[in-house]
Amino acid sequence: MSSVIGFVKRNYTVLNPPTVAKSGDVLRFGILGAANIAPMGIIVPAKTHPEVIVAAVAARDRKKAEAYAKKHQIPIVHDNYDNLINDPSLDCIYNPLPNGLHYEWTIKALKAGKHVLLEKPSVSNATEAKSLFRHPLLSQPNAPVLLEAFHYRFHPAWQHFLTLFEKEDIEHVEVVNKLFAGMFPLKDIRFDYSLSGGALMDFGTYAISTVRQIIGSEPVAVTSARVRLVPEPYDQRAESAAYASYEFPNGATADITADLYAKGGYWLPALTKNWPDFNGALPTLTVKLKGKTNGLNTSGKVITFHNYMGPWLYHRIDIATVTETKDQQGKVVKSDKKVEYKKVYKWETTEEGKKGEDYWATYRYQLEEFVNRVKGRKGSGVWVDPEDSIRQMEMVDATYEKAKRPLRPTSAALDTSGP
Ligand SMILES: NC(=O)C1=CN([C@@H]2O[C@H](COP(=O)(O)OP(=O)(O)OC[C@H]3O[C@@H](n4cnc5c(N)ncnc54)[C@H](OP(=O)(O)O)[C@@H]3O)[C@@H](O)[C@H]2O)C=CC1
Ligand SMILES: O=C1OC[C@@H](O)[C@H](O)[C@H]1O
């Protein structure tokens, strides 16, 4: 009962957080586009951050921007994206444009001297990633801060999960990220190749990011990759689902599923195959560790993280230990399974720099670190490094190549003046 009350209270407070007074030295953010994700990604988190104000928004259509600004109490409306990034009253830009516009508007914002919180996936492909994240602008004195917004990494539940195993003990990782068919229509930006859409770019980018974090290295091979294309008449260069397998240097393997249009999975498949599949609704990942043998006993662990992507709503980490005892002939004579359950909403230590509340969403923890970085403070230590964002896009590209699918298109605005 208390966990049900906790769930309701926490989720209410995530969306209706206490507003805090702003400090004198605030960072003023502008939002590129009247994006659906922005309330979750920045507008609500900013309410509880004393040093953040969402001060401006621009949309392609001024009327849309005005309505959005009114709804979210954003004081300044700009006529276009250019005016927003060049607004001298702003310090930071939040870029939640479609993936295919991430590169162009991020580089423009950095050139205008703004720090950028950039939605995932950072860009369209590794060519853009190298151009952006190794741009000389980012290594100059007082360089602006640029962060790929892999929000899940900033939550204490994820950081706790990473402490539950040693990387060299990993045998296999499986990530299943599914969204039921119809949650996003097929005309959504997520399925638009020309805007760098595709399931691998969306749910797949989380799967790739988590696998890389968990195993702690880059794959030596994409062992298999395939996609399910969007149906005709939609642009056949985008996929509604992607499936891939990888092998890592230490022998560990990983399988990922990224499905943005999951259907079926019920009894009477002939009748139900087109029903939206609500079964795998919570993104889940499982880490299987190598078994350890001691005499006739073998002990193995499987750690499962349910809803790693939205842990503030609900999550559960199951740590299952299976111990098998064999007789002299090698036959299993006893098997014992113990499962420990864990939930983490706040940092478990009070170490300097680790701040949080149980109602902080991943986005709020992320905003905390973004501000810490801009202000040169230590923070929790969680970050997504520029080279990490490049390797991420390299793995996305390698997966598309293995699946014999086109890489997402490089921006016409590619800046080749860098290294
Ligand atoms: N971190 C997270 O949890 C999430 C991240 N995302 C990421 O955020 C980004 C935006 O996603 P989401 O908010 O769902 O997207 P939206 O469909 O809301 O699109 C975002 C904005 O893109 C602008 N836009 C500019 N050019 C185009 C175009 N040619 N076609 C369509 N839109 C255009 C629109 O701006 P305008 O208002 O100017 O018309 C729109 O407001 C994506 O990169 C996505 O991967 C998405 C959801 C969750
Ligand atoms: O980043 C995301 O997280 C939530 C999903 O619904 C969405 O498709 C994706 O863009």
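Indexing begins at 1, ligand by ligand and atom by atom, following the structure's order.
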Give the residue and atom name of whichever protein heavy atom lies nearest to atom 25 (C) of ligand 1, and the separation in Å to one decimal.
-> Tyr81 OH, 3.4 Å
Is a side-chain donor-acceptor pair under 3.5 Å present for Tyr246 with Thr399?
-> yes
Looking at Arg228 and Asp259, does any basic side-chain N land under 4.0 Å from a carboxylate oxygen?
-> yes
Mode of His151 contact toward ligand 1 - side chain, backbone, both, neither (heavy atoms, under 4.0 Å) | side chain
So, does Arg190 sit close enough to ligand 1 that a heavy atom of it is under 4.0 Å from the ligand?
-> yes
Residues passing the salt bridge (charged side-chain N to carboxylate O under 4.0 Å, His left out) test with Lys338, sequence neighbours excluded, are Asp336
Pair Phe29 and Tyr94, ring centroids less than 6.0 Å apart = no
What protein heavy atom is closest to atom 6 (O) of ligand 2, reported as residue, atom name and distance in Å?
-> Phe184 CE1, 3.6 Å
Taking non-hydrogen atoms only, is Lys120 closer than 4.0 angstrom to ligand 2 via side chain, backbone, both or neither?
-> side chain
Say whether Leu101, considering both its backbone and side-chain N or O atoms, lies within less than 3.5 Å of an N or O atom on ligand 1.
-> no
In terms of the angle between their ring planes, are Phe180 and Phe278 parallel, tilted or perpendicular, with boundaries placed at 30° and 60°?
-> tilted
Ligand 1 contact by Tyr363, heavy-atom criterion under 4.0 angstrom | yes
Identify the closest protein heavy atom to atom 18 (O) of ligand 1: which residue and atom is it, and at what distance?
-> Asn36 N, 2.8 Å
If you measure from each heavy atom of Met201 to ligand 1, is any distance below 4.0 Å?
-> no
Of all the non-hydrogen atoms in the protein, which one sits nearest to atom 24 (N) of ligand 1, and at what distance?
-> Pro98 CD, 3.5 Å
Among all residues two or more places apart in sequence or in another chain, which pass the salt bridge (charged side-chain N to carboxylate O under 4.0 Å, His left out) test with Arg153?
-> Asp388
Nearest protein heavy-atom contact for atom 6 (N) of ligand 1: which residue, which atom, what distance?
-> Lys120 NZ, 3.8 Å
protein heavy-atom neighbour closest to atom 10 (O) of ligand 2 works out as Asp202 OD2, 2.7 Å
Please determine if Lys70 and Glu66 form a salt bridge, counting it only when a charged side-chain N lies under 4.0 Å from a carboxylate O.
-> no
Among non-hydrogen protein atoms, atom 5 (C) of ligand 1 lies closest to Glu119 OE1, 3.2 Å
Return the residue, atom name and 0.1 Å-rounded distance of the protein heavy atom closest to atom 15 (O) of ligand 1.
-> Ile189 CD1, 3.3 Å
May I ask you to list the atoms of ligand 1 that are less than 4.0 angstrom from any heavy atom of Ala59?
-> 36 (P), 37 (O), 38 (O)
Under 4.0 angstrom from ligand 1, any heavy atom of Pro96?
-> yes
N/O to N/O below 3.5 Å, does that happen between Gly33 and ligand 1?
-> no
If we only count N/O pairs under 3.5 Å, is Ile37 in contact with ligand 1?
-> yes
Cation over ring face, Arg190 and Phe184, 6.0 Å, 45° | yes
Determine, using heavy atoms of Tyr206 and all atoms of ligand 1, whether some pair is separated by less than 4.0 Å.
-> yes
Top protein contact for atom 43 (O) of ligand 1, by heavy-atom distance = Asn99 OD1, 2.7 Å
Can you tell me the protein heavy atom closest to atom 5 (C) of ligand 2 and the distance?
-> Phe203 CE1, 3.5 Å
Measure the shortest side-chain to side-chain distance between Trp267 and Thr272 over non-hydrogen atoms and say whether it is less than 4.5 angstrom.
-> no
Are the charged groups of Lys342 and Glu348 less than 4.0 angstrom apart, N to O?
-> yes
Does NZ or CZ of Arg10 come closer than 6.0 Å to the centre of the six-membered ring of Tyr359, within 45° of the ring's axis?
-> no
Over-ring placement of Arg408 relative to Tyr400, 6.0 Å and 45° cut-offs = yes
In plain terms, say whether Glu51 and Arg377 are close enough for a salt bridge, that is, a side-chain N and a carboxylate O under 4.0 Å apart.
-> yes
Do Tyr345 and His315 make the cut of ring centroids closer than 6.0 angstrom?
-> yes
Tell me which part of Leu195 gets within contact of ligand 1: side chain, backbone, both or neither, using heavy atoms under 4.0 Å.
-> side chain
Atoms in ligand 2 flagged as close to Tyr206, the criterion being non-hydrogen separation under 4.0 Å = 1 (O), 2 (C), 3 (O)
Best match, His102, Lys64, Arg60: closest heavy atom to atom 32 (N) of ligand 1 = Arg60
